[in-house]
Amino acid sequence: MGAVILGTGSCLPEKRLSNHDLGKLVETSDEWIFSRTGISTRRISSKGEEAFQLGTTAARKAMAMANISVDEIDLIIVATMSSHMTMPSCACFVQKELGADNAFAYDVSAACSGFLFALDSGDKFLRVEQNKKILVIGTETLSSRTDWKDRNTCILFGDGAGAVVLEYKEEERGVVASNLFSDGTLWNLLYMHAAPSCNPELEQADNPGAHILMEGKEVFKYAVKSMEGAINGLLIRENIEIDSIDLMIPHQANIRILKKLVSRLGIKQEKVFINVQKYGNTSAASIPIALDEANREGRLKRGDLLLVCSFGGGFTWGASLLRW
Ligand code: ACO
């Protein structure tokens with residue numbers, strides 16, 4: 001039927017950075033951050049916790065749950081925008097760390113929607129190559145891309161990784177369908193420069209370095225509207241009522257975006273998995289981390305209908321339905 005998730009895993013850095021700690025870096029307060037975003041604390045990477053290292057640990061946990069060995073992995077897809085190198089890909093470093101000698105590996109770049117886009121690529125790959133097993137990983141060290149002097153953005157993000165093992169099964173479960181979108185014309189509402197160019201002709205005069213820049217209010221507006229549209233479009237296409245959804249795992253951007261989305265969709269609050277208070281916005285890692293927590297907490301039973309959705313820089317956004 002489609003790509004079935006055999007196992008999930010996640011990895012969070014040890015170090016915690018609370019809202020109180022942030023108050024020592026920029027002019028802000030726990031009350032301001034929590035009331036605007038729902039975030040209380042986030043994890044920050046230390047030495048030995050690069051994106052590929054967090055992703056590798058998450059992948060090992062997912063493979064252990066799936067009860068498969070690394071030799072069985074045929075493909076590794078990593079969604080990230082904060083790898084420690086531009087080349088090779090983060091996925092190649094994960095492959096090396098795992099010793100996944102039978103796998104080829106590549107990255108997907110779709111900002112906070114990266115995991116959803118990578119999951120869709122993995123599902124499509126498995127519908128063609130049906131006897132393969134793949135790892136799909138979302139991993140970020142956004143602390144390395146955050147301007148720690150900018151209170152508009154530094155309060156939002158955190159580090160972490162999540163992973164799933166996928167296999168095609170001729171059963172009534174797995175990825176049911178996806179509804180994915182991009183709109184590059186809106187790039188300048190949420191973006192991050194590359195490293196300064198070596199070619200002076202191509203260097204951008206206003207390049208402040210690799211920091212996230214954002215028009216917060218615009219991002220908020222588009223995030224709610226776009227995810228709502230993607231979800232409703234998907235439900236209509238698949239002829240599924242919102243009440244049939246057993247669990248919704250949205251990208252953990254911030255609580256106000258999620259509350260607005262949930263009320264517009266008319267889905268019951270108790271069906272929505274939220275952990276943004278603990279980890280902040282971990283971009284491409286947020287959905288697989290939440291998925292792993294929900295799975296390990298027993299929130300997903302065989303046959304459940306799972307809805308995942310995301311929104312991020314690009315803009316990129318979308319929704320997917322999975323039968324557990
Ligand atoms: N602490 C205290 N004050 C602050 C802070 C802060 N950390 N940041 C901004 N302020 C101040 C502003 O300077 C402004 O002051 P002023 O009125 O004197 O000018 C005031 O607070 C209000 O600022 P706004 O930007 O209007 O605050 P807003 O209510 O819009 O909240 C926020 C800002 C939280 C960023 C909101 O716009 C938002 O949630 N946007 C979505 C952004 C997002 O989630 N991005 C993640 C990437 S995309 C994704 O994952 C979906």
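Start at 1 and go down the list; that is how both ligands and their atoms are numbered. Here the structure is a predicted model, which is why all the values come from computation and not from measurement.
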Problem - Option passing side-chain contact (heavy atoms from CB on, under 4.5 Å) with Ile212 (candidates Asn281, Leu190, Leu156) - result: Leu190
Problem - Main-chain N/O of Thr141 paired with Ser144 side-chain donor or acceptor, under 3.5 Å - result: yes
Problem - Main-chain N/O of Ile257 paired to Asn254 side chain as donor or acceptor, under 3.5 Å - result: yes
Tabulate distances under 3.5 Å between N/O atoms of ligand 1 and N/O atoms of the protein, writing both atom names on each line.
residue: ligand 1; atom: 1 (N); partner: Thr28; partner atom: OG1; Å: 2.6
residue: ligand 1; atom: 3 (N); partner: Trp32; partner atom: NE1; Å: 3.4
residue: ligand 1; atom: 3 (N); partner: Arg151; partner atom: NH1; Å: 3.4
residue: ligand 1; atom: 7 (N); partner: Thr28; partner atom: OG1; Å: 3.2
residue: ligand 1; atom: 7 (N); partner: Arg151; partner atom: O; Å: 3.0
residue: ligand 1; atom: 13 (O); partner: Arg151; partner atom: NH2; Å: 3.0
residue: ligand 1; atom: 26 (O); partner: Lys217; partner atom: NZ; Å: 2.6
residue: ligand 1; atom: 29 (O); partner: Arg36; partner atom: NE; Å: 3.2
residue: ligand 1; atom: 30 (O); partner: Lys217; partner atom: NZ; Å: 2.9
residue: ligand 1; atom: 37 (O); partner: Gly216; partner atom: O; Å: 3.4
residue: ligand 1; atom: 39 (O); partner: Asn254; partner atom: ND2; Å: 2.6
residue: ligand 1; atom: 40 (N); partner: Gly216; partner atom: O; Å: 2.9
residue: ligand 1; atom: 44 (O); partner: Asn254; partner atom: ND2; Å: 3.4
residue: ligand 1; atom: 50 (O); partner: His251; partner atom: NE2; Å: 2.8
residue: ligand 1; atom: 50 (O); partner: Asn281; partner atom: ND2; Å: 2.9

Problem - Side-chain donor/acceptor of Ser286 to backbone N/O of Gln252, under 3.5 Å - result: yes
Exercise for the section: Considering only NZ, NE, NH1 and NH2 on the basic side and carboxylate oxygens on the acidic side, decide whether Glu228 and Lys225 come within less than 4.0 Å. Expected result: no
Exercise for the section: Using the six-membered ring of Phe220, assess whether NZ or CZ of Lys217 lies under 6.0 Å from its centre and within 45 degrees of the ring axis. Expected result: no
